[in-house]
Every structure is written in C-alpha cells, then in structure tokens.
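To start, the structure under review is shown below, and the notes come after it.
When a ligand or atom number is given, it counts from 1 through the structure's own listing order.
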Amino acid sequence: MKQLLTFSLALLFSQVVFSQQHAEQNHSKYVPPTDPQVQQKLEQWQTVKFGLLMHWGTYSQWGIVESWSLCPEDEGWCERRGPYANDWYGYKKAYENLQNTFNPTDFNPDKWATAAKAAGMKYLVFTTKHHDGFCMFDTKQTDYSVMNSPFGKNPKANIAKEVFKSFRDQDFMIGAYFSKPDWHTPDYWWPYFPPKDRNSSYPPKKYPEKWEKFKTFTYNQIEELMRDYGKMDILWLDGGWVRPFSTIDTSVSWQKTIPFDQDIDMPKIAAMARTHQPGLLVVDRTVTGPYENYVTPEQQIPSHYMPIPWETCLTMGDSWSYIPKENFKPARKLIHILVDVVSKNGNLLLNIAPSPQGDFHPEAYDRLKEIGNWMNVNSEAIYGTTGDKDLGPQGKLVFTHKGKTVYAIYRADEGEALPSKIDIKNLTLGKKATINLLGSKDTLRWSAENGTTSIAVPEKTAKLVPNSYAYVFKITDF
Ligand code: GLC
C-alpha cells in the first residue's frame, strides 16, 4: 500500500513537473499575434483575469468523466463502468443514447451569469462540443445535438446560444470551447477501422477524401458558431492531437504518441473565423505557433512569472464534468490560487460543471459568493494588474502591479491572524510612499532597511478587514 502510494505520488509529481516544464517551454516559443485587432483583444483579455469554464454534455446524466470513457485507451480516465463495460460497441451505443434522455429543465443561464459576475468573473468559456461529438448548439452538420434530445422542444434548446447571450448581457467576454477531435462522426472514427485510441481511426494521408470530409465538417461547425452566435471573443480549441505532424513537440511525452498527421488547416479556419469575428482570439491549445494566442496550462500553475499571455484552467472541484458528490476546493484555496496566478501574470479560468437538470451544486454558488465577498474589497489588486516579476512570491506574500502601485497579498491560513509586522524583500520605496490595507482606511507605518520594507500592522487595523482569506497591502509610491 505504502509502495503504491509512493508510486502514485511519484507519478503525480512527475506529471506536474513535466507539464510545468511544458508550460514554461511554450514561453520561449510563443508567437505573438500581428493583427492589431487581435493584439487589442488580447490586451483586454489580460486585464480581466478571472473567467468561468463550464463542461456540460449528456455525460452529466451518468455523473462520469466528459467523453473519455469512449476512448479505448488503457488509461485511468478512460475506464468504462456499468453493464457495458466489457463491450465497447454496446457501451458507445448506450453512451450516445444519453441524447434521448437529456432534458435539463432547470436550465437558467441568467442565474449562472449573475452568480459568476458577483464572484468577479469577467469571461466565459463554454463547451459547445466535447470530444464525444455531442453538440450543445443547433448545428446543421449532424443530428447528434441537443436539438434532437427531449430538450430540443424547449424554447431554450439551443443551449450554447442561450449561455452566450446570458453572459454577454452581463458584459462577459465570450469563448467557445470546441473539440477538434470528434468521436461521433464517421469521418473521424471511421467505422471501417475500429478506433484504437483518441486519434482518427485511419491515417488521413492514406484516405484523403475521408479526411477532407472531416475537415469540411469541422470548418462548417466552427463557422456556424462564429457566424450565428453573436459577438465572440475566444475560440478555445481542445484536442491538441489533431494537428499537423510537423508541429509535434517530441519533448512532450503525450505528443510522441500521435501516430500521424491530422492537419485540419488552421490558417483557413482562423481566417474564416476572423472574417465573422474581427480580432478573435484563437487558442489552438498546445499547438505552439500563430494560432495559439495564449497558452493554457491545465490544473496547474507555472512556478514563475511568465511574460506571455497565459491562463490556468482549473476545476473548482476535482473533475471537469458533473459528478454528484463533488469535492469542492475551499474558497480560501480558490482565492489563493487566483492571486498566485495573477501574480505570475496569468488569468484563471475556473471550471464548474452543471448537473443533468441544468444547475450547479449549491456548494458552487457558495464558493462563488465567498470569492465575490473577497473581490468586493480587493479586486483592484486583480483587474488590470500585471504580475510582478521582480518581487516574486515571498513565502505567503505574492505581488501584483499597476502603475505606481504594488499590491502585496498575504495568503493567510485558516484561523491565522495577520502578523503584526510584514517584511517585503527587494522593495525600496520613496519617502512619500503610502501603504494601507484594502478594507481599511488607516495609513500604515513602514520602515526600510537594506532593501527590505517592513510594514507595521496594528491589530485593530487588521480586524477591520471584512474577510481574512488573503490580505491586500496597497503600496503607492509617489
Ligand atoms: C483535460 C481533459 C479534457 C478537458 C480539458 C479541459 O484535457 O482531459 O476532457 O476538456 O482538460 O482543459
């Protein structure tokens, strides 16, 4: 048992280190956009800092991982359960039949947008189609969509459209998650060859006509989303194995397993998408190059400040998809994650998964509310800031920066009172600099010695701060 635990910990650790390297490696290869409208949108996106990701599909009815149980790979996250576990064909059929019972009658995206906005979120990314190929929008390219589920008769049946509208109405930037791989269409997993893994079931170069059909299908679906769903800001493309063979980075282990070229012609797709949506951010995840306008480390935070545009996507609980008994991270932890990400110059895209009835767990609303309470006092240390590459994390302190103001954020543990003296290394202030704690108007006394600034915090001032998850010192140097 102990051995097993050590082994899994080692594995987990190596994965974290590995993806960390990956995130940081991307940094030197990042290709900045040249289109001024894209540059402008990217700058705007970098000021908003905090977004909501949602994974929602028919899989929510079984309370299982999104899509992956269809994938015949020997990986933990692909495991099948239930009566068809030992029969892949039977399983796929039963899974796809979930379309016939999908009926989220509690669906009310205004409620989500209101809760997300109150938490301080300012952008949204929603799964229009995950790898399983089920479309949460009214596509004309396949019948495998919400329009042909029992919910199809509901006035809000075009789920993606409704979600986009509700969030747009509350001033969110809008992103469409779209999976390039599609495990439903016979032009990707061509039934002539049973699929062996996540990749196309046939080599595209050998069957170019088939692949052409798949490319057209993908192009048309993306065009529907970019043309018919109002103003869009981000096209967030997942499934990085669908890419030109020449772009594979062999230093990344999962990319080594990609067997063949799966080029869907991103230049053409991006050009089309931007004729409908000028300035659109295209995020062709992990495909470093001109169509990855920002990089997206997943479930982890890079170890250092990164100067390029980046976003950590991360789950509020443990999974991307809805599971009935979710283990939500405490609000304190979520706030600490947010400030850590922002201090390293990134954005946080926090995932919540709706239930089959079409709502979040009550705990998710609780967390959003608690984050909102903290943001109400402290959001000026988040929005429009950049990370601070010189100060870096110093124990429980992290730093953000805006003009002449530095925000020093102290991540307090549960039950911990703010120390009466805070030392900040490598910070030299002018004589007239002022410091106060957000949430209190008291000006704090400070002194400087050998490049270290020490702030004195009277207990009564610390007590004025309405919540104690993380304390923000606003340091303004004139
Ligand atoms: C992981 C999951 C995938 C999910 C993605 C979100 O790659 O495997 O299903 O959509 O994370 O970032």
Side-chain angles (χ1 to χ4, degrees), residues 11-12 15-16 18-20 22-23 26 50-60 62-80 95 98 123-137 160 163 175-184 188-189 195 197-199 225 234-243 249 252-255 257-258 262 281-288 292-302 310-323 326 329 337 341 346-354:
L11 194 74
L12 193 73
Q15 279 174 347
V16 169
F18 171 75
S19 17
Q20 201 123 302
H22 180 57
N26 268 336
F50 189 25
L52 174 68
L53 175 61
M54 276 190 259
H55 275 67
W56 198 23
T58 60
Y59 45 77
S60 59
W62 280 354
I64 55 162
V65 63
E66 66 290 350
S67 303
W68 282 100
S69 63
L70 292 171
C71 179
E73 288 181 26
D74 192 5
E75 300 285 0
W77 63 88
C78 299
E79 199 188 328
R80 292 189 292 275
Y95 181 109
L98 285 170
Y123 71 106
L124 162 89
V125 178
F126 180 74
T127 48
T128 59
K129 178 181 92 168
H130 203 262
H131 313 331
D132 61 10
F134 184 78
C135 297
M136 296 290 274
F137 64 105
V163 170
Y177 169 114
F178 181 87
S179 167
K180 296 179 290 177
D182 185 310
W183 297 335
H184 179 80
Y188 191 76
W189 276 358
D197 52 32
R198 68 188 71 184
N199 298 288
L225 288 166
I234 307 165
L235 175 61
W236 210 86
L237 297 171
D238 201 17
W241 57 95
V242 173
R243 69 199 288 153
D249 179 349
V252 181
S253 72
W254 71 264
Q255 294 190 22
T257 67
I258 303 173
Q262 294 173 67
L281 302 181
V282 178
V283 185
D284 193 11
R285 304 184 67 208
T286 78
V287 188
T288 313
E292 191 180 28
N293 293 155
Y294 65 73
V295 301
T296 56
E298 194 172 279
Q299 296 287 40
Q300 43 105 13
I301 303 172
W310 65 273
E311 162 196 273
T312 280
C313 53
L314 181 135
T315 50
M316 188 187 258
D318 289 332
S319 46
W320 298 106
S321 52
Y322 172 86
I323 53 170
E326 182 54 280
K329 296 177 180 73
I337 290 170
V341 165
N347 280 22
L348 177 65
L349 184 63
L350 186 62
N351 182 79
I352 305 176

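Looking only at protein heavy atoms, the nearest one to atom 3 (C) of ligand 1 is Glu66 OE2, 3.5 Å. At the shortest separation from atom 5 (C) of ligand 1 among protein heavy atoms lies Glu298 OE1, 3.6 Å. Shortest contact from atom 4 (C) of ligand 1 to any protein heavy atom: His55 NE2, 3.4 Å.
For the residue pair Thr312 and Gln300, no side-chain donor N or O sits within less than 3.5 Å of a side-chain acceptor on the partner. Side-chain polar atoms of Ser67 and His130 form a donor-acceptor pair below 3.5 angstrom.
Ligand 1 places these atoms under 4.0 Å from at least one heavy atom of Tyr177: 10 (O). Below 4.0 Å from some heavy atom of Asp238 lie the following atoms of ligand 1, by number and element: 4 (C), 5 (C), 10 (O). Atoms of ligand 1 lying under 4.0 Å from any heavy atom of Cys313, numbered from 1 in the order shown and given with element: 12 (O). Near His130, meaning under 4.0 Å from any of its heavy atoms, are these atoms of ligand 1: 3 (C), 4 (C), 9 (O), 10 (O). The contact set between ligand 1 and Trp236, taken as ligand atoms under 4.0 Å from a residue heavy atom, comprises 12 (O). Within the listing of ligand 1, atoms 2 (C), 3 (C), 8 (O), 9 (O) sit less than 4.0 angstrom from a heavy atom of Trp68.
At under 3.5 Å, not a single nitrogen or oxygen of His131, backbone or side chain, sits near a nitrogen or oxygen of ligand 1.
In this structure, the side chain of Trp236 does not engage the main chain of Phe178 through any donor-acceptor pair within 3.5 Å. At distances below 3.5 Å, not a single donor-acceptor pair connects side-chain atoms of Lys129 with backbone N or O atoms of Phe134. Put simply, the side chain of Arg198 never gets that close to the backbone of Gly239: no donor and acceptor are under 3.5 Å apart. Side chain of Asn293 to main chain of Val282: a donor-acceptor pair is present (N/O by atom type, distance under 3.5 Å, no hydrogens or angles).
Contacts of Trp77 with ligand 1, taken as heavy-atom pairs under 4.0 Å, are absent altogether. Only the side chain of Arg285 comes within contact range of ligand 1, with a heavy atom under 4.0 Å; no backbone atom does. Here Thr296 has no heavy atoms under 4.0 Å from ligand 1, in either its backbone or its side chain. Residue-level proximity to ligand 1 for Gln299 is absent, since no heavy atom of it falls below 4.0 angstrom.
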Criterion ring pair (Phe, Tyr, Trp, His ring centres under 6.0 Å) on Trp183 and Trp68, from CA distance to verdict | CA-CA 10 Å; Trp183 297 335; Trp68 282 100; 5.3 Å; yes

Verify side-chain hydrogen bond (donor to acceptor under 3.5 Å, both in side chains) between Thr315 and Gln299, making sure each step is shown before the conclusion.
-> CA-CA 7 Å; Thr315 50; Gln299 296 287 40; 2.9 Å; yes

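For Tyr294 and Trp310, the gap between ring centers reaches or exceeds 6.0 Å.
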